[in-house]
Amino acid sequence: MSLRVRFAPSPTGYLHIGAARSALFNWLYAQKTGGKFLLRIEDTDLQRSTEESTVSIIEGLKWLGLDFEEEMVFQSANAAKHRAAANKLVTEGKAYRDFTPKRERDDATVKQGVADRARAHAMEGVDARSNPYRDVSKDESDQRAAAGEPFAVRLKIPREGKTRFEDIVYGVQDRDYSEIEDLVLLRSDGHPLYNLSVVIDDIDMGITHVIRGQDHLTNTHKQILLYGALGAEVPRFAHLPLILAPNKGKLSKRKHGEVVSLTTYRDRGFIPAAFRNFLALLGWAPPDGKEILSVDELVEQFSLEAIHRSPAVFNFQENDPRHWTDEKALWMNAEYVRNMPVEELLPMVKAELRANKLWREEYDDNDRAWFVKTLDLIRQRYHTLKDFSEQGRAYFSDDFDFDEAAVNKNLRKDPRLRELLPALADRLEELETFTAETAEAALRKLAEESEVKAGLLINGSRTMLTGQAVGPSMFEVFDILGQKRSVERSRSGVPWF
RNA sequence: GGCGCAUUGGUGUAGUUGGUUAACACGCUGCCCUCUCAAGGCAGAGAUCACGGGUUCGAGCCCCGUAUGCGCUACCA
């Protein structure tokens, strides 16, 4: 059978960048090997799963360009099958009914509770095979079940032995059975549990390679036991190093908020290809060390063997808007904004402008040449798509804001500009052919005659015409804005008031 | 507590079977370019390769221990 991988997120919130990376690596591996990339929504936790989340996951994958094949699978739809499988294991004697009353756990303190219980068991010398219901006779078990007594179903793990598998990333992994409790397959309310569901679904979907986060590394042993009990072939595993927060702690949705959400990057103007490129470099590096890689190059160079084992720190500074996410991601995005083919950038800028009511249909036909030229000029110093509607607003609308600092620095500082700028407007208006060159000549001539430095007029114009202190070469800006707008804005005097 | 995994400049990563001054990218500093800001070019700061032992003529690479971090240890996923 050909190679099949899957991405199996649980729909309990937006798509986490760590999950997105798992999806990417699965997808890359499928492309690389000619295999299939499948999607399964693990919504067995009905309480926490939401439809919005499922939608956002699908949108996120689409945004990153990670198309999945075949029908997506909803794990909850297979619950009956999972239950049946567990019951079959009971009949075969590979699992047993546990009539121990369920002990409720407070969700907030589970981690601690689990650790405490484990510690207590270790101290009291309780072994993992001590469950009294392990060896209850089948008749008695059947009777109690028939009498309506509630029970959970647990897998019967042998007393002696160990599981072993070779992880493609982490190497050979051993675990003694004594370290694994008889795992619960079915809750007392009949609800199938995670480890059972993944294994059965992976078998059903014919998954040959399981590529997922390192947090599942030790779970894998339990799952291997399950594959054995179910008589199925064990797939290959590749676990991915985790992505950590700057303090090297867990990067969580709860603690770190939107910076871990993939949609944030879309909403803040990232280019999908750029973010995908950045994500690929977390825990993996191409053999030739080149970092800006197209999808095709990514696919071509990718290999599971080159993934390394230490966790990656996602470097950002909370409470600092300038460093709201990893600097390298920001740099990479700017790199894409600057260098990608304009035709590919254009639709993205169009969407951005449209969302801000700055888009005009002429940009698509009559003014297309102007639009492309403008993009090419201004994108050189932009970092995200947002910049086109914010910093770039003055190129697409006469209704733009003046930056206070810029006005102070480039206009108010020298009162002569109150006269010089309108004078410049006159000169520009007189030009018969209006280009960057003629505008420059006119400006320099005026500067010379007025005995001021050209820079004074140039910087003053920049703020007067674009509201900003920074931007492209001013003569190019005159050209882009055109004679009419250049003249009007130079003359307006708006920022003086 | 037990088990597992990890540990190369601030961050992401390279470092072939152990062999001269530990490489690249982001970020940072300075200079050049220049009408500003970027970009670009040049130069530079920053790592006793977590720590301690050991093996070896020689270790970031091998072995042991320690520390720290993370993960798992649930009738969560």
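Reminder, nothing fancy here: chain letters follow the sequence lines and each chain counts from 1.
Taking the ring axis of A:W324 as reference, the NZ or CZ atom of A:R268 stays within 45° of it and closer than 6.0 Å to the ring centre.
Between A:E476 atom CD and B:U34 atom C1' the separation is 14 Å, expressed in whole Å. When the C1' atom of B:C75 is taken as reference, atom CG of A:L155 falls 15 Å away, rounded to whole Å. The nearest whole Å value for the distance from the CZ atom in A:R322 to the C1' atom in B:G27 is 11 Å. Following rounding to the nearest Å, A:Y96 (OH) and B:C75 (C1') show an atom-to-atom distance of 12 Å. If you measure from atom CG of A:N333 to atom C1' of B:G27, you get 17 Å, rounded to the nearest angstrom. Between A:L193 atom CG and B:C75 atom C1' the separation is 6 Å, expressed in whole Å. The separation between A:W331 atom CH2 and B:C26 atom C1' is 7 Å, rounded to whole Å. When the C1' atom of B:A6 is taken as reference, atom CG of A:D215 falls 14 Å away, rounded to whole Å.
In this structure, of B:A74, B:U36, B:C76, it is B:A74 that holds the atom nearest to the side chain of A:V114. Listed candidates were B:C35, B:U73, B:C72. Nearest to the side chain of A:E181 is B:U73. Checked against B:A77, B:U73, B:C70, the side chain of A:T44 finds its nearest nucleotide in B:A77. Among B:G4, B:C26, B:C76, the nucleotide with an atom closest to any side-chain atom of A:K102 is B:C76. Closest to the A:M474 side chain, of the nucleotides B:U73, B:C35, B:C5, is B:C35.
In this model, a donor atom of one side chain and an acceptor atom of the other lie less than 3.5 Å apart for A:Q301 and A:D288. Using modelled atom types and a 3.5 Å distance limit, the side chains of A:R134 and A:N131 yield no donor-acceptor pair. Residues A:D201 and A:Q75 bring a donor and an acceptor atom of their side chains to less than 3.5 Å of each other. For the residue pair A:Y265 / A:N333, no side-chain donor-acceptor distance below 3.5 Å is found, with atom types taken as modelled. Using modelled atom types and a 3.5 Å distance limit, the side chains of A:N277 and A:Y336 yield a donor-acceptor pair. Judged purely by distance below 3.5 Å, without hydrogens or angles, the side chains of A:R212 and A:T220 pair a donor atom with an acceptor atom. Inspection of the A:S76 and A:D43 side chains reveals an N or O donor paired with an N or O acceptor under 3.5 Å.
Between A:F25 and A:W284, the angle of the ring planes goes over 60°, which puts this pair in the perpendicular group of the 30/60° scheme. Between A:F314 and A:F316, the angle of the ring planes lies from 30° to 60°, which puts this pair in the tilted group.
Side-chain N/O atoms of A:H383 include none lying less than 4.0 angstrom from OP1 or OP2 on B:C37. Contact check, A:R462 against B:C35: no side-chain N or O comes under 4.0 Å of OP1 or OP2.
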Mind running salt bridge (charged side-chain N to carboxylate O under 4.0 Å, His left out) on A:R187 and A:D189 for me, showing each step along the way? CA-CA 5 Å; A:R187 262 200 236 157; A:D189 63 4; 3.1 Å; yes

Derivation and outcome, salt bridge (charged side-chain N to carboxylate O under 4.0 Å, His left out), residues A:E179 and A:K222: CA-CA 10 Å; A:E179 285 154 21; A:K222 298 176 189 171; over 6 Å; no

Criterion salt bridge (charged side-chain N to carboxylate O under 4.0 Å, His left out) on A:R322 and A:D320, from CA distance to verdict: CA-CA 5 Å; A:R322 274 186 63 79; A:D320 182 351; 5.8 Å; no

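For B:C75, its base never sits under 3.5 Å from the side chain of A:R154 at any donor and acceptor pair. Counting distance only, with no hydrogens placed and no angle test, the side-chain atoms of A:S473 and the base atoms of B:C35 include a donor-acceptor pair under 3.5 Å.
With the nearest nucleotide of RNA chain B identified for both A:E42 and A:G289, A:G289 has the one nearer the 5' end. Each of A:Y382 and A:P9 lies near RNA chain B, and the nucleotide nearest A:Y382 is the one positioned closer to the 5' end.
In RNA chain B, stems built from 3 or more consecutive Watson-Crick or G-U wobble pairs, each with both distances under 3.5 Å, span B:1-7 with B:67-73, B:10-13 with B:23-26, B:28-32 with B:40-44, B:50-54 with B:62-66.
B:G2 and B:A22 have their C1' atoms separated by 38 Å, with the value rounded to a whole Å. Spacing of C1' atoms, B:A77 relative to B:G44, comes out at 50 Å, to the nearest Å. For the P atoms, the distance linking B:G27 with B:U11 amounts to 16 Å, nearest Å. Taking atom P in both B:G53 and B:A59, one finds a spacing of 13 Å when rounded to whole Å. Separation of the C1' atoms belonging to B:G60 and B:U17 is 16 Å when rounded to the nearest angstrom. Comparing B:G10 with B:U56, their P atoms are spaced 34 Å from each other, to the whole Å. The gap from the P atom of B:U7 to that of B:C49 amounts to 15 Å, rounded to the nearest Å. One P atom belongs to B:C63, the other to B:C72, and the distance between them is 27 Å to the nearest Å.
Base engagement by A:T100 is indicated by at least one non-hydrogen atom pair under 4.0 Å involving a base atom. When heavy atoms are screened at a 4.0 angstrom cut-off, A:S188 is found touching base atoms of the nucleic acid. Contact annotation for A:P101: base contact, defined as any heavy-atom pair under 4.0 Å involving a base atom. Nucleic acid contact for A:G471: base, since at least one base atom lies under 4.0 Å from a heavy atom of the residue. Using a 4.0 Å heavy-atom distance criterion, A:K250 is classed as a sugar-phosphate-only contact. Within 4.0 Å (heavy atoms only), A:H191 reaches sugar-phosphate atoms of the nucleic acid but no base atom.
Within the 3.5 Å criterion, the main-chain N or O of A:Q468 finds a donor-acceptor partner in the side chain of A:T463. The backbone N or O of A:L38 sits nowhere less than 3.5 Å from a side-chain atom of A:R6 that would complete a donor-acceptor pair.
Contacts of residues 157-174 of chain A with RNA chain B (heavy atom under 4.0 Å): A:Y170, A:Q173.
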For nucleotides 7-15 of chain B, just jot down a letter per nucleotide in 5' to 3' order: B, S or -, based on protein non-hydrogen atoms under 4.0 Å. S---SBSS-

